[in-house]
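Counting from 1, the numbers follow the sequence of the chain as shown. Note that this is a predicted model, so its numbers are computed, not measured.
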Amino acid sequence: METEMMRPLLLLPEMLLAGGALAALIGGSFVPRHRQWIIRIFTAIVLVAAIVAAAIQLRSPATSAFDDSFAVDTATGSARILAASGTLLILAIAADEISASPRESETYALLLFSTAGTVLLAGANDLLALAVGFLLASIPLYALIGLAHTRAGAEAVMKTYLMGALFGILLLLGVTILSGLTGTTGYAEIADRLADAPQAAVTVAAIAVIAGLMFKAGGVPAHFWVPDAAQATTATAATFLTTVPKIGALLAVYRLAIVLPPTSWPLLVAALAVASMTLGNLAAYWQSDPRRLLGWSTVSQVGFLLVPIVAAGRSDLALPSLLVYLTGYTATNIAAFAVSAALPERRDLVDYRGLAAQRPWLAAALLVALLGLVGTPPTAVFVGKLTTATAAWDGGYAWLAVVVFGNSVLSLFYYLRWITPTYRHVGDTSVVESRLSGRRWSARLAVCAAALSLVAGLAAGPLWHVVSR
């Protein structure tokens, strides 16, 4: 009976990721530096195995493991596939950036550990599982940011660590209050017992837990570390931290939202969504460093991704639109960062002048990625924003749908500041040519990820059918 309640094989993707991370960490110590590519291939195999295991389980009916503390359903399966696929794509950037470096195998182990924490967050159906997932996703991230070995990188990792500690304490405070009010940590029992709990205490707990999860998502009010880390750390870490952790954090907010009383969180999440969208867009407009611009862009994207959560419980479109948006955002954001990784010395927007003349495919990938982040058809993010606004409207938050479209238009202006010099003609393009050497994998990844964004947008119908079952 106990084994039946635990059902550990339902967590096979998580076990593959965590076990693979441990094996990469230990095995890398015995592999010579010039053969660290073996660990990279092993990491890719682990990620593919996790994707396959998740896809197989996705076809089964929704269930749970470990006495209902971990949900195995469409949301969890989608998060597993997205997180592992995103990390698999990011390995191409790592191959260019850290090949044969002293910390290559450690980087792969950290990526796998943080990915495991992300999917644990996504499926957490218990407050204790939520806390464990938060820590497992956060701690490797500090080390990833610190791999830059620069003064700016040290400042970024310190800011990230302090912000993570502060909002981690807030999350644990909320967990403590909720478990103290209800005498349990399981979401199902909490939902039944919160009706009789003091409303003020429940609201404080909801604010604390959601604020803590905003650190992992990179949204207001825990967003201050994101642009600094995106600018100062390696391209591998910057791409990862602005993409993969959001998947688990936002699904964790969604699961918590449908458990809490509707009087304690919708206004809070709506305010965070508007603040993240607007602040991220306004701050991004003044940036000249492309990675810092993308850092602020990802803050604004969190705001858009929070919109369907506001409609959770009031619209059947909430979860499907969130999953569709996460799918499109993952491919599109990785494509944008991959272009930056392919041109590591181009740290100002004006440095991209003439890129289209020398590397038309790379410039096209950048164009697709940036217009995709705006939400231009037929990209996947366009479908995500459209379904997100539809969910808000269907849930009775028409004003929030208007804010989504308004901020989408606002974001176009700062993306154009990057697109315009890319397609501006210059006489001497040899500098652009010379600085592309050695980053071919990143350039190829950018083109592939941009193509995925377009394909996902064109295949939005079947994708919507899968996630809305």
Side-chain angles (χ1 to χ4, degrees), residues 11 13-14 17-18 47 50-51 54-55 57-58 70-91 111-125 129-130 132-138 140-141 144 210 212-219 222 226 237-257 276 297-299 301-309 312 318-337 373 380-381 384 387-388 449 452-453 456 463 466-467:
L11 270 72
E14 289 76 16
L17 292 170
L47 289 167
I51 293 170
Q57 289 188 356
L58 193 58
F70 189 85
V72 183
D73 52 17
T74 301
T76 301
S78 301
R80 288 166 165 172
I81 295 172
L82 276 179
S85 300
T87 305
L88 187 62
L89 290 174
I90 293 168
L91 281 184
L111 289 173
L112 287 177
F113 273 129
S114 191
T115 304
T118 295
V119 295
L120 184 58
L121 264 179
N125 212 22
L130 179 72
V132 171
F134 178 89
L135 294 174
L136 184 56
S138 299
L141 204 61
L144 275 173
I210 293 174
L213 290 172
M214 283 299 98
F215 167 76
K216 290 309 307 163
V226 178
T239 310
F240 183 85
L241 69 89
T242 57
T243 308
V244 176
K246 288 176 170 44
I247 299 169
L250 290 164
L251 284 174
V253 174
Y254 176 85
R255 290 192 189 278
L256 190 68
S276 294
S297 167
T298 198
V299 173
Q301 294 294 332
V302 173
F304 293 110
L305 287 161
L306 285 172
V307 170
I309 298 177
L319 181 59
S321 62
L322 176 61
L323 295 177
V324 168
Y325 200 143
L326 282 171
T327 301
Y329 172 75
T330 299
T332 309
N333 192 63
I334 290 175
F337 268 98
L373 290 174
V381 175
T387 55
T388 285
L452 280 175
S453 177
L463 179 63
V466 170
V467 299

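- For A449 against A331, the heavy-atom pair with the smallest separation is CB-O, 3.5 Å.
- Rounded to the nearest 0.5 Å, atoms OG (S297) and CG (N333) are 6.5 Å apart.
- Within the 4.5 Å cutoff, the side chain of I51 has heavy atoms near those of the S85 side chain.
- By the side chain to side chain donor-acceptor pair (under 3.5 Å) test, T76 is found to be paired with D73, R255, residues two or more places apart in sequence or in another chain being considered.
- Distance check, rounded to the nearest 0.5 Å: CG of L144 to CZ of F240 gives 6.5 Å.
- With values rounded to the nearest 0.5 angstrom, L141 atom CG is found 11.5 Å from L136 atom CG.
- Judged as a side-chain contact (heavy atoms from CB on, under 4.5 Å), and not counting sequence neighbours, the contacts of V119 are E14, L17, R80, A83.
- The CG atom of L319 lies 4.5 Å from the OH atom of Y254; values are rounded to the nearest 0.5 Å.
- In this structure, Q57 contributes its side chain and G77 its backbone to no donor-acceptor pair below 3.5 Å.
- Taking the side chain as every heavy atom from C-beta outward, L112 and L47 approach each other to under 4.5 Å.
- In terms of heavy-atom proximity, L373 sits nearest to A336 at CD1-CB, 4.5 Å.
- The two residues P13 and A54 make their nearest non-hydrogen contact at CG-N, 3.9 Å.
- Judged as a side-chain contact (heavy atoms from CB on, under 4.5 Å), and not counting sequence neighbours, the contacts of N125 are A71, Y187.
- Annotation: side-chain contact (heavy atoms from CB on, under 4.5 Å) contacts of S138 (sequence neighbours excluded): F134, Y142, F215, K216.
- Taking T330 as the reference, nothing meets the side chain to side chain donor-acceptor pair (under 3.5 Å) condition, with sequence neighbours excluded.
- Side-chain contact check for T243 versus L89: every heavy-atom pair is 4.5 Å or farther apart.
- Heavy-atom minimum distance, S453 versus T332: OG-OG1, 2.9 Å.
- In this structure, L322 CG and L251 CG are separated by 5.5 Å, a value rounded to the nearest 0.5 Å.
- Residue A318 comes nearest to S321 through the heavy atom pair O-OG, 2.9 Å, listed as atom of the first residue, atom of the second, then distance.
- In terms of heavy-atom proximity, P308 sits nearest to T388 at CD-CG2, 3.5 Å.
- Side-chain atoms of L91 and L88, non-hydrogen and from C-beta on, do get closer than 4.5 Å to each other.
- With sequence neighbours excluded, no residue satisfies side chain to side chain donor-acceptor pair (under 3.5 Å) with S114.
- With sequence neighbours left out, T298 forms a side chain to side chain donor-acceptor pair (under 3.5 Å) with K246, Y329.
- Annotation: side-chain contact (heavy atoms from CB on, under 4.5 Å) contacts of V253 (sequence neighbours excluded): L213, M214, I309.
- Taking CG of L120 as the reference point, atom OG1 of T115 lies at 12.5 Å (rounded to 0.5 Å).
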